[in-house]
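Notes follow the structure.
Protein chains get the first letters and strands the later ones, always in sequence-line order, with residue 1 at the start of each. No experiment lies behind these values; they were computed from the predicted model shown.
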There are 2 protein chains.
Amino acid sequence: MDKELLKGSTGILLLSLLSEGPMYGYQMVKELEQRSEGIFRFKEGTLYPALHRLEAEGLIEGRWEKRENGPDRKYYYLTSKGGQALAERAKEWGVFRRAVERVIGSGLMLQGQQEGV
Amino acid sequence: MDKELLKGSTGILLLSLLSEGPMYGYQMVKELEQRSEGIFRFKEGTLYPALHRLEAEGLIEGRWEKRENGPDRKYYYLTSKGGQALAERAKEWGVFRRAVERVIGSGLMLQGQQEGV
DNA sequence: CTATATACATCGCTAATCTAGGTATATAAT
DNA sequence: ATTATATACCTAGATTAGCGATGTATATAG
């Protein structure tokens, strides 16, 4: 996966997962990898700072869960503000996606007819 | 337009335009704005460095055109290497787009049923 | 002569990602 | 016992992309 395309979409991906219910970080990485069929492989250096940013913005909230049989987990919950932000970002994503495809759509039809320099 | 989503997609947008024929920078800004119905408004501090990067990678090539009635223009041409890169990126875009929508798609159906914290 | 549009460019700032490293618990293998 | 692997969190430093600001220059409109 081209890492560049990922930039700017981590927020909506994480918020989307949490809109279905609370999850902890490590679980989110696995979920994203599974759902995207291996396309998204979040690094820890990307994930945790991203979660902290979202929490600082008040879009999610983290709560530690103590465990006996393994390392403690920090479960994140979507706040109501986060739910609103998700709705906005989902709308923006649609706008962005359509804009990209209007631009690259026409160009792609020329594939094979194009002469390089 | 959310500037974050733009990151990583400037390359494919510029290459797409040039796949239809040579263009100069200023023209590309206007073209993108028009085609995206105002969504993409490339700043000069974004565009010119991006073009220089693509040229440094050998994906495009710039040639100055002298003019009598106005400032000179630097026309960019897609190289054959650039054509290949565009094909790859277009494929990647499709993969990426589908992956994002598999993730956010399910969450969006829950809109309105979700309780904030 | 001033403002606007065209047309190129760079500098410094900010923000997001990655690499690499760290801590800690539990289990499986040697 | 010790080593490896998986789980589970974290951060520091480097890199990179986009943006605001600014600069240069030409042509036209008021």
### Query
Could you state the CG-C1' distance from A:N69 to C:dT25, rounded to the nearest angstrom?
10 Å

#### Entry: Residues forming a ring pair (Phe, Tyr, Trp, His ring centres under 6.0 Å) with A:Y24, sequence neighbours excluded
A:Y75

### Query
Do A:L86 and A:L59 have side-chain heavy atoms sitting under 4.5 Å apart?
no

### Query
Roughly how many Å is it from NZ in A:K30 to C1' in D:dT5, rounded to a whole number?
12 Å

### Query
Would you say B:T10 reaches D:dA17's phosphate, i.e. side-chain N/O to OP1/OP2 under 4.0 Å?
no

### Query
Rounded to the Å, how far apart are B:F42 CZ and C:dT6 C1'?
19 Å

### Message
Using a 4.0 Å heavy-atom cut-off, does B:E65 contact any base of the nucleic acid, only the sugar-phosphate backbone, or nothing at all?
### Response
nothing

#### Entry: Gap between atoms CD and C1', on A:E57 and C:dA15 respectively (whole Å)
12 Å

### B:Y77 six-ring face occupied by B:R63 cation (under 6.0 Å, within 45°)
yes

### Along DNA chain C (nearest heavy atom to each residue), the more 5'-positioned of A:E68 and A:A50
A:A50

### All ring pair (Phe, Tyr, Trp, His ring centres under 6.0 Å) counterparts of B:F42, not counting sequence neighbours
none

### Message
Rounding to an integer number of Å, can you tell me how far B:R41 CZ sits from D:dC19 P?
### Response
12 Å

## Note on the structure
With B for base contact, S for sugar-phosphate-only contact and - for none (protein heavy atoms under 4.0 Å), nucleotides 7-13 of chain C reads BBBB---

### Task
Search all heavy atoms of A:G11 against all heavy atoms of A:R89 and return the closest pair with its distance.
CA-NH1, 3.7 Å

### Summary
So CG of A:L17 and CE of A:M23: to nearest 0.5 Å the spacing works out to 5.0 Å

### Query
Which pair of non-hydrogen atoms, one from B:Y48 and one from B:Y26, has the smallest distance, and what is that distance?
OH-N, 4.0 Å

### Length of the NZ-P vector between A:K43 and D:dC9, whole Å
17 Å

### Query
Between C:dT17 atom P and A:F40 atom CZ, what is the distance in whole Å?
12 Å

### Message
With a 4.0 Å limit, can you tell me whether B:R53 has a side-chain N or O closer than that to the phosphate oxygens OP1/OP2 of D:dA17?
### Response
yes

